[in-house]
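A note on names: the letters A, B, ... follow the listed sequences, proteins ahead of strands, and every chain is numbered from 1.
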Amino acid sequence: MEYPFGAIERKWQQTWREKRIFNAPQKSDKPKYYVLSMFPYPSGVLHIGHASNYSIGDAITRIKLMQGYSVMQPMGYDSFGMPAENYAILHNSHPRLTTEENIAAMRVQFDGMGFGLDWEREVSTCRPDYYRWGQYIFKRLYQKGLVYRKKSFQNWCEECQTVLANEQVEDGSCWRCHSAVEQKELEQWYFKITDYADELLDFSKVIDWPERVMTMQKNWIGKSEGAKIDFTLEGTEVKIPIFTTRPDTIYGVTFMALPPEHPLVQEWLAAEPNNAELHDFCHKVINADKMLRSSADAVKEGVFSGRYCINPYNGAKVQIWITNYVLMDYGTGAVMAVPAHDQRDFDFAKKYTIPMKIVIQAPDNSLVLDEMQEAYTEAGIMVNSSRFDGMESEAAKAAITAWATENGWGEQTFTYRLRDWGISRQRYWGNPIPVIHCPKCGVVLVPDEELPVKLPDNVQVGRTTSNPLLSVPEWINVPCPQCGEDAKRETDTMDTFVDSSWYYARYADPKNTDKPFEPELAKYWLPVDQYIGGIEHAVMHLMYARFFHKFMRDMGWVNSDEPFARLLTQGMVTKDGAKMSKSKGNTVDPQYIIDRFGADTLRVFLMFASPPEKDVEWSDDGLMGSFRFLNRVWRLIDANKELIRKGLNNAVQGDISPEIAELRYDTHHAISRWHDDCLERMQYNTAIAATMELLNSIVKFKEPEKLNEAELAVYAFACAALPKMLYPFAPHIAEELWQALAQPELLHDSGMPVFDKVYLCRDTITYMVQINGKIRGKLEVAADIDHETLKAEALEVENVKRSLEGMIVKKVIVVPGKMVSIAAVQG
RNA sequence: GCGAAAGUGGCGGAAUUGGCAGACGCGCUGGACUUAGGAUCCAGUGAGGUUAAACUCGUAGGGGUUCGAGUCCCCUCUUUCGCACCA
């Protein structure tokens, strides 16, 4: 017989809702705990990945409730973005309608999983009551000087008809649709995330983040120390600043490398319309696939510009080359090339027979110019470097930089790989940028009282024209808020990552109609104590949210430095070793599993199969194992509930059999392991294993009705521990069994399962005996035996004695509570 | 190429501080029972060896430290992830 999971799950879902168990109070005497899983895109269908991810957060929520915290676990929808627009096109509908339908459908499935979510705090980024405050925050960022517009070459996804931030380009492809990314020159809105680069590099204020995520962010920010040095265009006063991390090689500069996008190059192009070589090369490079251009094994190419610049250190005349290997948007967009000491410059110089000059000599004096096969990039002794000759190159870096500062042609500086965040998207289904362009006043912010700038409904959604908003003149044409003249609305919408950069704060005060959220409430709930989500957001979402949080702190809206104190990056669910996807045809429908085996079974399987941060390989057989487990627990308690109720009221004093004493030990041991796994280690698979082991220990007793009073008390205590231990993972069956044991309160309110250290002590201990590292025997002794006696007894164990024949014992080591180790040699 | 993490039975995984490797689950083998169920219960299950033991081997491979290594150190291989002309 299967236990009646369907009825039980419906019953408890309804009870939790009616009793408002998971609606977090705004004020509480208890300490707060904020559990947050990354909100989903509302696809309308809950897939196994969602089920797995949110099961983790729900387990934490229920553990923290039992522990006595006031817990908030909200949920919402990241509902702007391309997929909604495409979905609407496909179904000949409107994104707003399809999105709301999907949200309603997902809500039902979330509830069917039994997640303890505070639906009164639901946010959906595509609703005006949410995106209004995104616009408000945009304005505050603008007023703080953290927003600007810039025309430049952008990553353009033809498929999505929109631009992408650098971090949204993966291997030259769009992060979302995976089609190739091109370059297109456009005027775009930017957030000055680089202002916070140093602070984003500092993770000292997070409590527990995976090292991997912090490393990825550090790599992405890519801070490097170096010097900015001004070269001068020959015969002019024009400065060409360069950035280098190797100022010690400045006397080895034999050419200057500029990218075609460099303003000086653009000037020369304009000045020489007939220089075909120059024009062809620049045109070719600028329009080349950015991925190919920036890959390490791309062939280096260039043309000589016919111009020279002057090295300020020695007055040397340096050829200026236009090349494909220098990036306009890193450093100053100009490179001093030192072929003898930089591999890229070396390759380039070899190809175009540009001279080289050794200025750092290897410590063993082995460098000879004509014999060099590759650049020498190590440290060494300065040579051919005028007044710096003989110095250690590492020390010379500072000296040479100082010399530049003294002479006014350079300074010590830092450069970052991180670029400002381009947030403009040429799409309809996003948050409108609250700006009006006035021919007279320029860029004018929409006044607060006119927010939100609502998306018009009557657009023709489609991907043939670039931005659907361009087709709504009555929305675009508005009077300027400042001068009243005819003006036009900005038609770019914001990157959806803007919406997800502050939603965690809105949950603290989701219905506020005056401001994004009440600072007092955000200060109470933030930071998020435990954040859970996929590793794929390691750089983008998590860095943007940190940036927003630091801005909100500077505004005085929050008082923490980091939004997420602890971060858990959960693994994905795989099948046949691959990520589940429709195209591979290896998906599993959670709804089918819930209908056939119950949500508890699904949750237990997902949590038991592997630790939360690792991938879970789907297994139908494994799922059945979880189902059998819950059925066994059910049968045990259902068959014995009167007896257990009685036993829970029994006195614990009295004689008990050794077998029951063992059960008592197993029970307290299992609970203690559960505590450790649930609270310290966050390793829920072993917490479930401990629960299974306890069940196995209990079911050894086939006739509990024959136990005496004291024994029954032990037995009942063991049985009653099962629902508590199951609660985080299989909450419905746990509540039902808990109620069957005539317990008055619901489990979240019942406290942690308790164990008593007294019962973890044993009178006797089994010691293993090792000889030279191999197990040769064991002996059971009193727990308080002294070491000398123990050693003597260990040597007398029969098998030990025999193995020691003809050997001389050199040393005997006692590992308290565990083993006796004998070191012996052949005699 | 650089950096990080990982590699344990037929499978998912456990071993928390250097101390009985393989918990727990799946699968498999044998048995019991039967209201034939996607049952349940009992026994077994790393490899070799044995009636059973003893014993030998065993945590990717090779070395090392230690009374003792899955765990620490060095080298190699493989896999995964991140970065990759960043001056």
Side-chain angles (χ1 to χ4, degrees), chain A residues 1-2 171 210-213 215-220 222-224 226 242-246 249 257 293-300 323-327 329-338 342-345 347-348 415-419 535-536 538-539 596-597 604-605 608-611 614-629 631-632 635 673 676-677 680-681 683 685-693 695-696 699 702 766-776 778 799 802-803 809-825:
Chain A
M1 274 293 285
E2 293 171 352
D171 292 335
E211 202 59 49
R212 189 155 75 113
V213 175
T215 305
M216 282 164 74
Q217 292 203 2
K218 282 175 190 164
N219 286 343
W220 189 263
K223 182 177 186 173
S224 55
I242 59 91
F243 172 78
T244 180
T245 56
R246 293 296 302 275
T249 64
R293 181 177 165 192
S294 65
S295 87
D297 35 49
V299 179
K300 291 173 183 50
T323 70
N324 65 345
Y325 75 96
V326 175
L327 307 173
D329 49 7
Y330 183 79
T332 61
V335 168
M336 66 171 216
V338 187
D342 181 283
Q343 192 57 43
R344 296 155 300 184
D345 300 340
D347 294 344
F348 191 87
T415 286
Y416 301 83
R417 208 186 80 111
L418 178 71
R419 316 281 151 71
I535 186 72
E536 66 272 22
V539 174
R596 181 61 195 84
F597 304 105
V604 167
F605 167 71
F608 178 63
S610 71
K614 282 188 65 178
D615 289 352
V616 174
E617 170 70 14
W618 181 264
S619 156
D620 290 334
D621 287 331
L623 182 83
M624 290 312 299
S626 299
F627 188 53
R628 278 200 290 269
F629 166 57
N631 274 296
R632 290 176 74 209
R635 284 198 302 272
R673 280 175 52 199
D676 207 25
D677 290 340
E680 305 298 325
R681 304 203 306 158
Q683 192 166 301
N685 54 333
T686 49
I688 293 170
T691 313
M692 290 173 169
E693 284 180 60
L695 174 68
N696 291 342
V699 296
K702 297 293 176 202
T766 303
Y767 275 86
M768 306 309 293
V769 186
Q770 269 187 359
I771 298 170
N772 294 337
K774 292 198 193 319
I775 303 295
R776 283 292 182 266
K778 59 181 174 183
N799 203 41
R802 203 180 37 165
S803 302
V809 173
K810 294 295 236 189
K811 194 158 48 158
V812 181
I813 297 155
V814 171
V815 183
K818 298 230 161 106
M819 68 163 50
V820 181
S821 185
I822 299 164
V825 293

For [N], does OP1 or OP2 lie under 4.0 Å from any side-chain N or O of [X]?
| X | N | answer |
| --- | --- | --- |
| A:Ser224 | B:A87 | yes |
| A:Arg635 | B:A39 | no |
| A:Arg628 | B:C24 | no |

In this structure, how many angstroms lie between the [atom2] atom of [N] and the [atom1] atom of [X], rounded?
| X | N | atom1 | atom2 | value |
| --- | --- | --- | --- | --- |
| A:Asn631 | B:G37 | CG | P | 16 Å |
| A:Arg681 | B:C24 | CZ | P | 16 Å |
| A:Lys774 | B:U56 | NZ | P | 6 Å |
| A:Lys810 | B:C67 | NZ | P | 12 Å |
| A:Phe605 | B:G12 | CZ | P | 12 Å |
| A:Met624 | B:C26 | CE | P | 10 Å |
| A:Asp615 | B:C11 | CG | P | 18 Å |

Whether A:Phe605 and A:Trp618 hold their rings parallel, tilted or perpendicular, with breakpoints at 30° and 60°: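 Rings of A:Phe605 and A:Trp618: perpendicular, as their planes differ by over 60°.
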If you apply the rule salt bridge (Lys or Arg N to Asp or Glu O under 4.0 Å), what do you find for A:Arg419 with A:Asp329, and how did you get there? CA-CA 8 Å; A:Arg419 316 281 151 71; A:Asp329 49 7; 3.3 Å; yes
Would you measure the distance from the [atom1] atom in [N] across to the matching atom in [M] and give it in whole Å?
| N | M | atom1 | result |
| --- | --- | --- | --- |
| B:A4 | B:G9 | P | 26 Å |
| B:U45 | B:A52 | P | 12 Å |
| B:G25 | B:A14 | C1' | 11 Å |
| B:G44 | B:U79 | C1' | 35 Å |
| B:C55 | B:G63 | C1' | 27 Å |
| B:G38 | B:G46 | P | 31 Å |
| B:C81 | B:U76 | P | 23 Å |

Looking only at side-chain atoms of [X], point me to the closest of [options].
| X | options | answer |
| --- | --- | --- |
| A:Thr244 | B:G12, B:C41, B:A87 | B:A87 |
| A:Arg673 | B:C67, B:U16, B:U40 | B:U16 |
| A:Tyr325 | B:A23, B:G82, B:C85 | B:C85 |
| A:Thr686 | B:U56, B:C41, B:A23 | B:A23 |
| A:Asn772 | B:C67, B:C57, B:C24 | B:C67 |
| A:Phe608 | B:A14, B:C24, B:C20 | B:C24 |

Any N/O donor-acceptor pair, [X] side-chain to [N] base, under 3.5 Å:
| X | N | value |
| --- | --- | --- |
| A:Ser821 | B:G19 | yes |
| A:Gln770 | B:G19 | yes |
| A:Lys818 | B:C20 | no |

By the 4.0 Å heavy-atom rule, please label [X] as base, sugar-phosphate, or nothing.
| X | answer |
| --- | --- |
| A:Lys218 | nothing |
| A:Arg596 | base |
| A:Gln683 | sugar-phosphate |

Quick check on RNA chain B: between A:Ile535 and A:Thr245, whose nearest nucleotide comes earlier from the 5' end?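 Looking at the nearest nucleotide for each, A:Ile535 comes out on the 5' side.
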Upstream residue (5' side of RNA chain B) when A:Phe597 and A:Arg802 are each assigned their closest nucleotide: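 Checking each residue's closest nucleotide, the 5'-ward one belongs to A:Phe597.
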Syn/anti label of B:G70 as read from its glycosidic torsion, with the cut at 90° from 0: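 Anti conformation for B:G70.
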Check whether any side-chain N or O of A:Tyr767 sits under 3.5 Å from a backbone N or O of A:Gly817 as a donor-acceptor pair, and report yes or no.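 Here the side-chain-to-backbone pair exists.
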Has the side chain of A:Ser610 got a donor or acceptor atom that lies under 3.5 Å from a matching backbone atom of A:Asp615?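 Answer holds: yes.
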Would you tell me whether A:Asn631 and A:Arg628 have side-chain atoms, one donor and one acceptor, within less than 3.5 Å of each other?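 No, no side-chain donor-acceptor pair sits under 3.5 Å.
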